K.L.:
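One structure, pasted below without further comment.
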Number of protein chains: 2
Amino acid sequence: MTRMKETIQSISIDLFYQKGYFATSISDIARGCGIQKASIYYHFSSKEELLFQIMSHTMSDLVSLLKESLVQADPIDQRMRVAVRTHVQFHLHRQKENFIANSELRGLSEEHYRSIVALRDEYESIFQALIREGRDNGAFVAVDVRILSYAILNLCTSGAFWYNPGGRLAVEDIAAIYENFIIAGLQNGTLRPPV
Amino acid sequence: MTRMKETIQSISIDLFYQKGYFATSISDIARGCGIQKASIYYHFSSKEELLFQIMSHTMSDLVSLLKESLVQADPIDQRMRVAVRTHVQFHLHRQKENFIANSELRGLSEEHYRSIVALRDEYESIFQALIREGRDNGAFVAVDVRILSYAILNLCTSGAFWYNPGGRLAVEDIAAIYENFIIAGLQNGTLRPPV
DNA sequence: GTCTATACGATGATAGAC
DNA sequence: GTCTATCATCGTATAGAC
């Protein structure tokens, strides 16, 4: 990838994160890069293509990272901890891209949308397999696998929406809080209210 | 509120939910209402005003509902259960409006943005007070109140993004799953991983 | 690879008749 | 209250020179 192409991507990530995809114009991006807007089209065929590239890289990296993190044959609760930690760390370290990937699906064309959703589904199915395995061997309580996978992933992803890199808590602290909360829910989540 | 004004709001909710605020044009709304686009401006001064009205009503109703649900002086874990259940039910029963209120803050003007965020902050602070109370009297484990309030609210809100009214699970089932999962996390969320 | 210039469409909003 | 007509603006994208 050429230097300017990388600059355009990087500036676009900043702007899409700051103002949103629709509110960001090609002129804005060009201004940020210090070139004319027509020059953008030498590197990317359209604004939508730019959005797709950003999302595509992000989601591919996310799926690869999760797979790598799960190669160890640990007990199921330990594997779930690793998965949660990996997810949270990725979403906080690459906050802007993940924010975009989770909030700008609307901007994609039909085919690109399908492509990103396919990656997301692949990712979710890995989490669902973990939950199912833990439930089936008794490590986790009986739960609805799909609902809980949405809940867990959404909870962990939400950090990308409010996390402040210079703030009070470090990434590892936040990851640990989420990890413990989720494991507690998976191990005890059917407690009934006192009558 | 006149009949046409209500129609415009209702059609706008449908379209903002379906296509997003930015991708929905005044022409789209007018077509949906069976009138000309100029006529919209008799009822609302701008497209942004329309978005604000929708968000404002939704958030006000949400805050009122939560306050009403907590008038009973139950034990803290019971009150938290009620709060979670109320939140989930509201978000699933009024799915479209809540989806909009959570995903289209970008479309608001400065002042309107501040107004909506103030309501959201008020709402969050009620949840934070519940968590803090439970933590201080030992019903919940020691936790970071702010982080956990974001996590819990985001988890519960996420239902508005994937819930399918005609689907497999009823609102009450989903609310019960979330409720139990969250209470388990609050009561056991500092379990450490086995070493 | 980047520039200037421009085509072309769509959009939010207004004016004024009925 | 709703209409027709229209404005001004801005958006993405392309053509062709350098």
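Not measured: the values here are computed from a predicted model. By convention in this document, chain letters (A, B, ...) are assigned in the order of the sequence lines, proteins followed by strands, and residues within each chain are numbered from 1.
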K.L.:
Is there a donor-acceptor contact under 3.5 Å from the side chain of B:Arg79 to the main chain of B:Leu70?
P.N.:
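At least one qualifying donor-acceptor pair exists.
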K.L.:
To the nearest 0.5 Å, how far apart are CG in A:Leu15 and CZ in A:Arg31?
P.N.:
9.0 Å
K.L.:
Under a 4.5 Å cut-off applied to non-hydrogen side-chain atoms, are A:Glu133 and A:Phe140 in contact?
P.N.:
no
K.L.:
Side chain of B:Lys37: nearest nucleotide among D:dA13, D:dG11, D:dT6?
P.N.:
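It is D:dT6.
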K.L.:
If I take atom CG from residue A:Asp144 and atom CZ from residue A:Arg135, how far apart are they, to the nearest 0.5 angstrom?
P.N.:
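Nearest 0.5 Å value for the CG-CZ distance: 8.5 Å.
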K.L.:
Check this for me, if you would: do B:Arg81 and B:Asp74 make a salt bridge, where the nitrogen-to-carboxylate-oxygen distance has to be below 4.0 angstrom?
P.N.:
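B:Asp74 and B:Arg81: not salt-bridged.
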K.L.:
Could you state the atom-to-atom distance from CZ of A:Phe22 to P of C:dA10 in whole Å?
P.N.:
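Rounding to the nearest Å, CZ of A:Phe22 and P of C:dA10 are 16 Å apart.
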K.L.:
Let me test you: for the helix from C:dG1-D:dC18 to C:dC18-D:dG1, what is the angle between the axes at its two ends (five pairs each), rounded to 10 degrees?
P.N.:
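Taking five pairs per end, the axes differ by 0°.
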K.L.:
Nearest of D:dT12, D:dC3, C:dC3 to any side-chain atom of A:Lys47?
P.N.:
D:dT12
K.L.:
From the options C:dA15, D:dA15, C:dG1, select the nucleotide whose nearest atom is closest to the side chain of B:Ala38.
P.N.:
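Ranking C:dA15, D:dA15, C:dG1 by closest atom to the B:Ala38 side chain puts C:dA15 first.
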K.L.:
Can you tell me the distance, in whole Å, between the CD atom of B:Gln36 and the P atom of D:dT4?
P.N.:
5 Å
K.L.:
Tell me whether B:Glu97 is salt-bridged to B:Arg94, with the criterion being a basic N under 4.0 Å from an acidic carboxylate O.
P.N.:
yes
K.L.:
Nearest to the side chain of B:Tyr41, heavy atoms from C-beta on, is which of C:dT2, D:dT2, C:dA13?
P.N.:
C:dA13
K.L.:
Closest to the A:Ser25 side chain: D:dT4, D:dT12, C:dT11?
P.N.:
D:dT12
K.L.:
Below the 4.0 Å mark, does C:dG1 have OP1 or OP2 next to a side-chain nitrogen or oxygen of A:Ser39?
P.N.:
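Checking A:Ser39 against C:dG1: no side-chain N or O falls below 4.0 Å of OP1 or OP2.
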K.L.:
Taking NE2 from A:His43 and C1' from C:dG1, how many angstroms apart are they, rounded to a whole number?
P.N.:
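A:His43 atom NE2 is separated from C:dG1 atom C1' by 6 Å.
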K.L.:
Considering only NZ, NE, NH1 and NH2 on the basic side and carboxylate oxygens on the acidic side, decide whether B:Arg114 and B:Glu111 come within less than 4.0 Å.
P.N.:
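No, no charged N to carboxylate O under 4.0 Å.
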K.L.:
Which one, C:dC3, C:dT2, D:dT12, comes nearest to the side chain of A:Tyr42?
P.N.:
C:dT2
K.L.:
Using whole Å, what does the distance between atom P of nucleotide C:dC8 and atom CD1 of A:Ile26 come to?
P.N.:
20 Å
K.L.:
In whole angstrom, give the distance that lies between atom CE of B:Met1 and atom P of D:dG1.
P.N.:
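Rounded to the whole Å, the gap is 13 Å.
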K.L.:
If I take atom CE in residue A:Met4 and atom C1' in nucleotide C:dG1, what distance separates them, rounded to the nearest angstrom?
P.N.:
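So the two atoms are 9 Å apart, to the nearest Å.
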K.L.:
Could you tell me the separation between the CG atom of B:Asp28 and the C1' atom of C:dG12, rounded to a whole number of Å?
P.N.:
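Whole-Å distance recorded here is 13 Å.
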K.L.:
To the nearest Å, how far apart are B:Glu48 CD and C:dT11 P?
P.N.:
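For the pair B:Glu48 CD and C:dT11 P, the rounded distance is 19 Å.
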